[in-house]
Amino acid sequence: MKREIQKLSSETFDLLIIGGGINGCGILRDAALRGYRAALVEKGDFASGTSSKTSKLVHGGLRYLEQMEFGLVFESCRERRTLQAIAPHLVLPLPFLIPVYKGDARGRTTIHAGMVLYDMLALFRNVERHRMVSSEEALKAEPDLQRAGLQGGAVYYDCQMDDARLCLENVLSAAEAGAVAANYAEVLSLIKNGERVAGAVVRDLLSGQTFEVMARKVINASGPWIDRISKMGSPESPPRLRPTKGVHIIVPGSTRTHALLISARRDNRIFFVIPYQGYSLIGTTDTFYAGDPDEVEASPEDIAYLIEESRRVIPGAELSRDHVIASFAGLRPLVAEPGRPSELSRGHVIYEERSGLLTVAGGKYTTYRQVAEEVVDRIAGGAEKRSLVPCRTAQLPLYGGDLKDLVSTIKIASERSVSEYGIGPDTAAHLVRCYGSRYRDVLDRIREDEGLRERIVPGGPEILAQVRYGVEREMVKTLSDFLRRRTSLALSGANGRDTAGRVASVLAHELHWDAKETERQIHAYLKDR
């Protein structure tokens, strides 16, 4: 995939999508597969906003049962199965343990009833059905749990994902189908033909060039920024969003094989402690946010809340502020409605503005593919026309997702790659989980330069060939693009200057940075760490 800015200004597109988060990228893929000439612009990197700041879960939404959103849970469970099928390397089953303590607002009876309903709404197609466990079984599974007051719990399954790469693979799939996409391309204003939106004035943030992109239909899928874009088309457009902030922290491994679903004592909301690449991902918070979406960050109070509530349930981990390896914050672009943050619906709404601008608000990561299908169906206009060009995103694998079996692919890759490319089996397994069936494309870079087989971090599976591949095939333009979104090195203990410098030296060669620009890139990455 190339960043072909000139193509954006050289023709009139059927669709122009503003926003390179998961909804925008999903719409781009769906539209391209149906034969539309589609384009997408994103002012940062793909998934650089909310779509890389998630709990890294594809899930049915167990807690939405309390809000009686049975339709959303049913839809989410269906989409979870679909994503497992089209991206088996990025969406993997994960067991969850819900410990139940004396005095919890949700007791064993409530949890059991919720589990039965959850399995029913999944049409009993979960990886495994739930099971209730005793306190002894819960402690055997996770020995660091608080023992006092433990009354048992429940085990069920959802899925873990690589959120940034799942978003990216939608862009890669769309580009393969003929779409045009560009990161670091900011919309300055919307172009009108009379009262109707007919395109956008865009600035290339890398070159400073400003140009026009013309389209028959413009879609606002900019997440937390949708109100800002909507007002460009119609100044009188009312606010659509009531954003909430979600904060996560990365700490040393605090569980063994299970993710924990915990009810916080302070506000009774649910959060997770999730095994994540040898560490634990803890989150999320849920508080209203009224500031600039570009300035959202994890506050000391947010971090303290997560540590305090986690330590209450897993005292054996002995967590403190000093254990926090990394933190990140994102905004949920929730549809404006009354209620507390955790009570707001995660459903989506599609608005047709008077200017013709189509705006997508709300939604959750798990259901992005269904959201995209609804948007493109609406543009197709009517059941008769839709039947002529049906949606195929639930049947066709994502870029790299055409694997018959993940385990056997990893086995074959490990056996061949060690002898052919001189890499370790851990690196081979990592490449398959990251790139799926395209892993050999990464390894081919080693044939060009044997030095690219070197590990980025001693003991880690990532190799320098991934950096070159990221530049050549995945539109990497900054150091943060690679460390935060093409890989997850920024969310590991190897997130400091040594790693940044090693990757930056390869990027400098590939992107022709001088010493000043290389140091600027390192500084920008470390500042945002």
Side-chain angles (χ1 to χ4, degrees), residues 22 25-26 29-30 33 47 51-52 54-60 75-96 122-129 156-177 257 259 274-277 281 364-370 372-373 391-417 425-443 461-462 466 469 473-474 485-488:
I22 188 59
C25 294
R29 177 183 182 237
D30 192 323
L33 288 173
S51 296
S52 61
T54 77
S55 297
K56 321 297 182 188
L57 297 177
V58 169
H59 64 110
E75 179 182 78
S76 299
C77 289
R78 183 195 65 216
E79 290 302 306
R80 181 186 60 197
R81 292 195 303 273
T82 297
L83 294 179
Q84 283 182 270
I86 66 174
H89 56 307
L90 298 178
V91 181
L92 303 172
L94 180 66
F96 285 72
L123 302 179
F124 299 101
R125 295 178 184 173
N126 285 328
V127 177
E128 293 181 19
R129 295 186 187 181
Y156 74 100
Y157 280 81
D158 265 320
C159 288
Q160 191 166 40
M161 67 167 171
D162 186 328
D163 53 5
R165 290 207 64 87
L166 190 58
C167 186
L168 176 69
E169 288 204 359
N170 275 271
V171 182
L172 295 170
S173 297
E176 193 172 47
T257 57
I274 304 167
Y276 182 72
Q277 301 185 60
L281 172 66
K364 59 195 292 280
Y365 204 116
T366 302
T367 58
Y368 86 85
R369 194 210 59 81
Q370 176 63 36
E373 181 176 344
C391 174
R392 298 188 293 158
T393 57
Q395 291 79 40
L396 297 180
L398 278 169
Y399 195 88
D402 51 336
L403 300 174
K404 291 184 178 180
D405 178 73
L406 180 63
V407 174
S408 61
T409 301
I410 289 175
K411 181 179 179 181
I412 293 170
S414 298
E415 292 172 351
R416 292 180 177 175
S417 299
D426 60 330
T427 292
H430 159 73
L431 294 178
V432 173
R433 293 190 182 101
C434 193
Y435 305 96
S437 60
R438 312 273 177 162
Y439 76 95
R440 292 184 71 91
D441 294 346
V442 181
L443 291 173
E462 299 86 357
Q466 293 178 253
Y469 183 80
R473 301 292 294 274
E474 296 185 341
R485 290 172 289 277
R486 306 308 184 271
T487 68
S488 299

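Sequence positions, counted from 1, serve as the residue numbers for this chain.
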Nearest-0.5 Å distance that lies between atom [atom1] in [X] and atom [atom2] in [Y]:
| X | Y | atom1 | atom2 | value |
| --- | --- | --- | --- | --- |
| F96 | L57 | CZ | CG | 4.5 Å |
| M161 | C167 | CE | SG | 9.5 Å |
| R486 | Y469 | CZ | OH | 11.5 Å |
| C25 | L172 | SG | CG | 9.5 Å |
| L443 | S417 | CG | OG | 4.5 Å |
| K56 | L92 | NZ | CG | 14.5 Å |

* **Contacts of S414 that satisfy side chain to side chain donor-acceptor pair (under 3.5 Å) - sequence neighbours left out** => none
* Asked: Among all residues two or more places apart in sequence or in another chain, which pass the side chain to side chain donor-acceptor pair (under 3.5 Å) test with Q160?
  ->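 Residues passing side chain to side chain donor-acceptor pair (under 3.5 Å) with Q160: none at all.
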Salt bridge (charged side-chain N to carboxylate O under 4.0 Å, His left out) against [X], all qualifying residues, sequence neighbours excluded:
| X | answer |
| --- | --- |
| E415 | none |
| R165 | E474 |
| K364 | none |

* Asked: Regarding Y399 and R473, is there a side-chain donor-to-acceptor distance under 3.5 Å anywhere?
  ->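 The answer is yes; a qualifying pair exists.
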Nearest non-hydrogen partners of [X] and [Y], listed with the distance:
| X | Y | answer |
| --- | --- | --- |
| S76 | G60 | CB-O, 3.3 Å |
| P461 | H430 | CB-CB, 3.6 Å |
| C159 | V91 | CB-CG1, 3.7 Å |

* Set of residues satisfying side chain to side chain contact (heavy atoms under 4.5 Å, CB included) with respect to Q277, sequence neighbours excluded -> S488
* Is the side chain of T366 donor-acceptor paired with the backbone N or O of H59 at a distance under 3.5 Å, no angle test? ->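 Checking the backbone N and O of H59 against the side chain of T366, a donor-acceptor pair under 3.5 Å is found.
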Only counting residues at least two apart or in another chain, list the ones meeting ring pair (Phe, Tyr, Trp, His ring centres under 6.0 Å) with [X].
| X | value |
| --- | --- |
| Y276 | none |
| Y439 | none |
| Y365 | none |

Would you be so kind as to tabulate the donor-acceptor pairs closer than 3.5 Å made by side chains of residues 403-411, with sequence neighbours excluded?
{"unit_1": "D405", "atom_1": "OD2", "unit_2": "V407", "atom_2": "N", "d": "3.3"}
{"unit_1": "D405", "atom_1": "OD2", "unit_2": "S408", "atom_2": "N", "d": "2.7"}
{"unit_1": "D405", "atom_1": "OD2", "unit_2": "S408", "atom_2": "OG", "d": "3.0"}
{"unit_1": "S408", "atom_1": "OG", "unit_2": "D405", "atom_2": "O", "d": "3.1"}
{"unit_1": "T409", "atom_1": "OG1", "unit_2": "D405", "atom_2": "O", "d": "2.7"}

* Determine whether L398 and R29 make a side-chain contact, defined as any pair of heavy atoms from C-beta on separated by less than 4.5 Å. =>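 Heavy-atom side-chain distance check passes, below 4.5 Å.
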* **Pairwise side-chain contact, C391 with R369, heavy-atom cut-off 4.5 Å (strictly under)** =>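 C391 vs R369: side chains touch.
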* Enumerate the residue pairs fulfilling salt bridge (charged side-chain N to carboxylate O under 4.0 Å, His left out) with a member in residues 391-403, sequence neighbours excluded, ordered by first and then second residue. =>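 Non-adjacent pairs meeting salt bridge (charged side-chain N to carboxylate O under 4.0 Å, His left out): zero.
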N/O donor to acceptor pairs below 3.5 angstrom from side-chain atoms of residues 80-90, sequence neighbours left out:
{"unit_1": "R80", "atom_1": "NH1", "unit_2": "D158", "atom_2": "OD1", "d": "2.4"}
{"unit_1": "R80", "atom_1": "NH2", "unit_2": "N126", "atom_2": "OD1", "d": "2.1"}
{"unit_1": "R81", "atom_1": "NH1", "unit_2": "A122", "atom_2": "O", "d": "3.2"}
{"unit_1": "T82", "atom_1": "OG1", "unit_2": "R78", "atom_2": "O", "d": "3.3"}
{"unit_1": "H89", "atom_1": "NE2", "unit_2": "E169", "atom_2": "OE1", "d": "3.2"}
{"unit_1": "H89", "atom_1": "NE2", "unit_2": "E169", "atom_2": "OE2", "d": "2.9"}

